[in-house]
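All remarks here apply to the structure that follows.
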2 protein chains.
Amino acid sequence: MGGTEVDGYERLEDLARRPTIGMVAARAGVSRQTVSNAVNAPSRLRPETLAAVQVAIDELGYRPNQAARTLRTQATRVIGCRLLPSNYGGTGGVLDRLLHALCDTARSNGYDLLTFSTRDDDDEIEVYDDLLRRHAVDGFVLTNTHHGDARPDWLLERGARFVAFGRPWGRRGAQHSWIDVDGAKGTAAAVSHLAALGHTRIGFLGWPPGIGVADDRLAGWERQSRQFGFNTRGLLAQAEDGIASGRALAEELLSSSRPPTALVCVSDAIAIGALRAIEDRGWQAGQEVSVVGFDDSPVASVIRPGLSSLRQPVEAVANQLVETLLTVISGAPARPVRTLLAPRLVVRDSSGERRHRSPGVTASILKRQSQPGTMRPGTTRKEELA
Amino acid sequence: MGGTEVDGYERLEDLARRPTIGMVAARAGVSRQTVSNAVNAPSRLRPETLAAVQVAIDELGYRPNQAARTLRTQATRVIGCRLLPSNYGGTGGVLDRLLHALCDTARSNGYDLLTFSTRDDDDEIEVYDDLLRRHAVDGFVLTNTHHGDARPDWLLERGARFVAFGRPWGRRGAQHSWIDVDGAKGTAAAVSHLAALGHTRIGFLGWPPGIGVADDRLAGWERQSRQFGFNTRGLLAQAEDGIASGRALAEELLSSSRPPTALVCVSDAIAIGALRAIEDRGWQAGQEVSVVGFDDSPVASVIRPGLSSLRQPVEAVANQLVETLLTVISGAPARPVRTLLAPRLVVRDSSGERRHRSPGVTASILKRQSQPGTMRPGTTRKEELA
DNA sequence: CCGAGTCTTTGGATCGTTCATATGAACGAT
DNA sequence: ATCGTTCATATGAACGATCCAAAGACTCGG
């Protein structure tokens, strides 16, 4: 048993010569094509035949040779994706999480993920070129899109298949598909949440303007504050990412004549800096001043007090990216997919229930919130307090 | 020009039908094999022929189809590697850096990196199995080896090619090749460095025993301390990784009857916690108490005071891993490669020159440092105390 | 019992490359 | 001029899968 095979095929155990479709066919007593159908279109086979083939497949441990398959079908079933340092540009581990999610999603869709590391965009385009010419991938997932990004145009002109994580900043009618997280919606939700806690002077610690993500997150704070009728003047401070930077920004606003009682931050690093500034004053974050960060980086849940933060729905993003890319690969869709997903606010102690608050302010705030429209957390909140 | 081709081949610009070796051969007026030789063994061609073929290759932008190549040569030129969360188990971004370095090294050796994400080792073995059966990779790089690791045995039995980053903990005569960083050498260097600064009571904040990496780093501190004649009793504290954890451990040692004046830490997270504990006491890290961390995570250089830390030579590790793996792939070497690389101590303010120190000590210390040779500050120190 | 129609299975050709082998050219020595 | 030797290039056959067109098996009404 299990020794030599029908038709003169070698031993099962011979690893050097791994099973081919021909061996499976011989063992099951059918033709190669039938085995192929069993794998790729089982419905075409009569149940008994399928079962018999399946037995042979299992016994031999057969799986189609990827190279042979690729050669014939012209589909590699591989997705290329640039690898970015996980601590890249204040993304708080989001790209790291995305990469994992992409691996999982790709694999469960029968695709492999090929990663490469590049210094800059030009370098990246060179790698694209290489991979495309060698037929090593079916398509790409782009990350970290930005103003003046040369990659999408290059890929489009080339006729390559790809999807971007990130909007085509500064381009209205980009012809490619993309998925992104709605930063403005996130910071708006943060404002609503803080308003529901009774805050009326809500500041924003942002990155310098000009970068898409920075402007987006800023816009949400501004829009929602205005909608609530809150002042925004003198409540905005901007600087590069970083803990030290956040500390300085927060100190700047907190020491002003009319300081904010809550801070929405463009990143967790900035937010952690803000927490420091609050500690510096001998205050307690979440009490005197509430803080909300962005990206829910791993530290957010570890530090004391826990940092409330906006978590990007990375798994959903990965799903959409892969799903969209597969559609694009299987023949371009009628028109590009453009999807914005909402981040989710994870509330922790840095913006939790306040123990001490002035009753008057609370009441008036809650009145506003009961106005119809967007916000809900306040409404329920109000009833409970009344 | 550049329109239709000799021999009825399609237009150059036709991307759907990318150039094949046949088209290049036709254009250069040679046979397929000659083009193949031009690519794979240029020395076999007469210089003029090579030049002519090269022109045709460049004009058409030809690169060998990877799938066809793989099918024929049975070599995928792809390396598989598991993707770990970058904030995994207190590795302080080392695996993240390693992955980047692997990408670079692999690519410059003509290999691609295929990454996959798995929940646990069993899951990982399943992916190995899938990739091997599908002939999708030539070999693997294992990371995060540990006691009772089932992966190496499985791969060996299977006859798969792989190299591990990390020693086969708890296995003397493992039959596979591995590269690792000598943690003990690192912590020993930290002790020497601190001794050179005049410290004689050097504590160690570690992880719970039983894990290879933890024991390794602990051993270096212990060995080197003993060599200098320093006491180690009451200077060791261990707990799980984390900032909070490090803070508690440091507090424990610092509040003891005979507290340490310096702390070597098993990780940067623990070290950062130690810095906090030092601040808590109103002290200044690098002055009253010096601290050295491990892995030189990105935060180490950002925080104030900067954290001295032991940096793993990740690029060198990646180089060795790929080099070794390629050797293994091209036919197993006579015997497994086993390499230990030394980490490099990056000195920052947390263990810099101390401003205030007792003059007597300073003088004697400095005297010793001016002595030639390796570093015996400890020995001298001891004498001086006697 | 036959033939049309449907479902299942088959054999050969093919994807683009490299391997093994064969052929041709060049050269110096006899 | 002949021969062996080396080097450069050409030819046909793989590699292992899927596509294609067509043959075989089966069902069912006439």
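A note on names: the letters A, B, ... follow the listed sequences, proteins ahead of strands, and every chain is numbered from 1. Remember, predicted model here, so these are calculated numbers, not experimental data. What's counted below: heavy atoms across the whole structure, side chains too, no hydrogens, waters or symmetry copies.
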Side-chain donor-acceptor contact under 3.5 Å, T324(B) with T327(B) | no
With a 3.5 Å cut-off and no angle check, do the side chains of N319(B) and E315(B) form a donor-acceptor pair?
-> no
Check for a donor-acceptor pair, side chain of R151(A) on one end and backbone N or O of T143(A) on the other, with a separation under 3.5 Å.
-> yes
For atom [atom1] of [X] and atom [atom2] of [N], their distance in whole Å:
X	N	atom1	atom2	result
R134(A)	dT17(C)	CZ	P	12 Å
R18(B)	dT17(C)	CZ	P	12 Å
I57(A)	dG16(D)	CD1	P	17 Å
L60(B)	dG16(C)	CG	C1'	15 Å
E48(B)	dA25(C)	CD	P	16 Å
H135(A)	dT17(C)	NE2	C1'	12 Å

In sequence, state the C-alpha distance, the side-chain angles, and the governing distance for L132(B) and H135(B), and then conclude on side-chain contact (heavy atoms from CB on, under 4.5 Å).
-> CA-CA 5 Å; L132(B) 287 171; H135(B) 290 79; over 6 Å; no
Supply the atom-to-atom distance L113(B) CG to C103(B) SG, rounded to the nearest 0.5 angstrom.
-> 4.5 Å
Could you tell me the separation between the CG atom of D149(A) and the CD atom of E124(A), rounded to the nearest 0.5 Å?
-> 8.0 Å
Can you check whether M23(B) reaches Y62(B) side chain to side chain, under 4.5 Å on heavy atoms?
-> no
Go through R161(B) and I79(B) one step at a time and tell me if the side-chain contact (heavy atoms from CB on, under 4.5 Å) criterion holds.
-> CA-CA 10 Å; R161(B) 322 300 170 102; I79(B) 296 170; over 6 Å; no
Give, ordered by number, those residues of residues 65-75 of chain A having at least one heavy-atom distance below 4.0 Å to an atom of DNA chain D; if nothing qualifies, reply none.
-> N65(A), A68(A), R69(A), L71(A), R72(A), T73(A)
Measure the acute angle between the ring planes of W154(A) and Y128(A), then classify it against the limits of 30° and 60° as parallel, tilted or perpendicular.
-> tilted
Show your working on side-chain contact (heavy atoms from CB on, under 4.5 Å) between D129(A) and R158(A) and close with a plain yes or no.
-> CA-CA 9 Å; D129(A) 192 46; R158(A) 178 92 187 202; 2.5 Å; yes
Look at the side-chain N and O atoms of S36(B) and state whether any lies under 4.0 Å from the OP1 or OP2 oxygen of dT18(C).
-> yes
Toss me the dot-bracket line for DNA chain C: Watson-Crick and G-U wobble, both under 3.5 Å, 5' to 3', using | for pairs to another strand and [ ] for crossers.
-> ||||||||||||||||||||||||||||||
Between the protein and nucleotides 8-10 of chain C, list every N/O to N/O distance that falls short of 3.5 Å.
residue, atom, partner, partner atom, Å
dT9(C), OP1, T49(A), OG1, 2.3
dT10(C), OP2, S31(A), N, 2.7
dT10(C), OP2, S31(A), OG, 2.9
dT10(C), OP2, T34(A), OG1, 2.8

Among Q66(B), Q74(B), R72(B), the one residue meeting side chain to side chain donor-acceptor pair (under 3.5 Å) with T70(B) | Q66(B)
